[in-house]
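Structure, as structure tokens:
In listed order, ligands and their atoms are each counted from 1.
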Amino acid sequence: MKDVISMRNLLREDVDSLITTALDLKQRKDGCERFRGKKLASLFYENSTRTRESFEQAAVNLGMSIVGFSGTEGTSVKKGETIADTIRMYSGYGADMFVMRHNLDGAPQAAADVLNVPVINGGDGCNGHPTQTMLDLMTIKEAHGTIDGLKIAMVGDLRYGRTVHSLLQAAELYEFEPWLVAPENVAMPSWRVDDFRKATSRDVVFTNDLMEVIKNVDVLYMTRIQRERFPEGPEGQTEYKKISGKYRLMAEMLKSAKSGLIVLHPLPRYKYDCEIDVDVDKTLYAKYFVEAENGLYMRQTLLAQSLEAGFNERKKTDLDNRNLWIDQEIKDNPKPPHNFLYRITNGTLIDHIEAGKGRAVTRVLGLNEYSATPLIVARNLRSERYGKKDVVGVQDKELSDDELNKLGLVSSGATVNIIRDGRVVRKGKVNLPHTLENVIQCPNSGCISAPEHYEHVPARFYVEEREPLMVRCHYCEKPLGREEIRLKV
Ligand code: NCD
């Protein structure tokens, strides 16, 4: 795997080795310009100080040159250029790797899909920030000597804050106990907690009592309320004001801290409501500036690893759709001519559709009463398999792979007959494919694949579980159950 897009894809052994190497680099502090002549494209569509500076400084230490931008002001993004077009240009000018931060969930994934060189996610919308998590883990390991067995509390904006999403994913690799402390309207999305539970069979601790947390945990991970990600307009502002300043850590609160507690924060902290009071800075608990400094060593290690060897992939995304179609024996050929359904001379007959789904089938195939294609929809016919079934016949149309995908999703198990010159020439059962491209619309409006952003990336989902059905967005990682699926038409 060339890219670092999400903690979901990474293996513990790779993260362990990055931490060890980065801690070692911190001791040695050698620049070693190993990658002289290599070019980093540093594309920060969104504000950043630490992440961008540490990546760029790390690249300088490695002898690399840097191109790119910090904020889109002055670039053609402002003229309405897509991400794909912008990055192709940097690639054409010889970039050997990319670091990208973007306000849309899944933007670095979309970039990685079109580039042959490594892409590192420097923070994507509300989704993830994997390299932040790596330097967080490095700081925890440095302070505690271990990550396993600890209690790590994430406090503040767990809904819009991407750093805590990646940190919770890291709890699938390390045996720490996540404590989640957040006002109700910015709680950790329940699907993220479910992902953790499913992957580990362990549970999180929910609490709102910060004093109780301080007495019990080993790491207090404070976060900023992500004001810029609240819905625009007065409602969003009211929501924001309700919670800004709700969790505020002050030095005297740490008197009852568990021994060895460290306080982390990805920074920046908000100077007006101060989720960590400046008094805390002077205490031995404060490790957030060390954490930021560690970012340089971790990112230097990451850049080198990406350029040299890449990473192992944990959750292999299987793009194999071979089981999409299972050939069946052609019997009774030609079909009895008295049956109106079999009057199709050239085209497709879709049989054994679950009763009631005939209309959904025609809809996903883009066929309706207004389309020019002759169409037969028969409902509630007798069927040995379902008791009742629907059947759809389309004259002069053979289904494309995309259409078979859609059919497999809507009515897995349907039989497709391809008819030429009045004879069935091919017959098969469609299955639920592994990858669904342009079939499902991602309901997350912050996802790069949402059409309103005009980034022209194909909506793509993976089938993670078949019974009950669960699919996951390739970009924003959001899982959907059958009832949440909206078909793209
Ligand atoms: C964080 C981010 O951008 O997600 N900052 C960072 O990278 N250190 C956290 C934040 O902005 O609150």
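- By the 4.0 Å N-to-carboxylate-O rule, Asp85 lies close enough to Arg88 to be salt-bridged with it.
- The protein non-hydrogen atom at the shortest distance from atom 6 (C) of ligand 1 is Leu267 O, 3.4 Å.
- Comparing His165, His265, Arg224 by heavy-atom distance to atom 11 (O) of ligand 1, the nearest is Arg224.
- The closest approach between a heavy atom of Gly122 and any atom of ligand 1 is not below 4.0 Å.
- At a threshold of 4.0 Å, the pair Glu46-Arg229 counts as salt-bridged, since one of the basic side-chain nitrogens sits closer than that to a carboxylate oxygen.
- Salt-bridge check for Arg162 with Asp124: failed, with every basic side-chain N at 4.0 Å or more from each acidic carboxylate O.
- Using bins of under 30°, 30° to 60° and over 60° for the plane-to-plane angle, the ring pair Phe69/Tyr90 lands in the tilted bin.
- Looking only at protein heavy atoms, the nearest one to atom 4 (O) of ligand 1 is Arg162 NE, 2.7 Å.
- The protein non-hydrogen atom at the shortest distance from atom 7 (O) of ligand 1 is His129 NE2, 2.8 Å.
- Lys258 and Asp218 are joined by a salt bridge, as a carboxylate oxygen and a charged side-chain nitrogen come within less than 4.0 angstrom of each other.
- Using bins of under 30°, 30° to 60° and over 60° for the plane-to-plane angle, the ring pair Phe230/Tyr160 lands in the tilted bin.
- Looking at His265, its side chain does come within 3.5 Å of a backbone N or O of Leu267 through a donor-acceptor pair.
- Considering backbone and side-chain atoms together, Gln226 places an N or O closer than 3.5 Å to an N or O of ligand 1.
- At least one N/O-N/O distance between Pro266 and ligand 1 falls below 3.5 Å.
- Of all atoms in ligand 1, listed by their number and element, those nearer than 4.0 Å to a heavy atom of Thr163 are 1 (C), 4 (O).
- Those atoms of ligand 1 that come under 4.0 Å of a heavy atom in Thr51, given as number and element, are 6 (C), 7 (O).
- Heavy atoms of Arg101 found under 4.0 angstrom from ligand 1 belong exclusively to the side chain.
- Using a cut-off of 4.0 Å between Lys/Arg side-chain N and Asp/Glu carboxylate O, Arg224 and Asp157 are scored as not salt-bridged.
- Residue Gln132 has at least one heavy-atom neighbour below 4.0 Å for each of these atoms of ligand 1: 6 (C), 7 (O), 8 (N).
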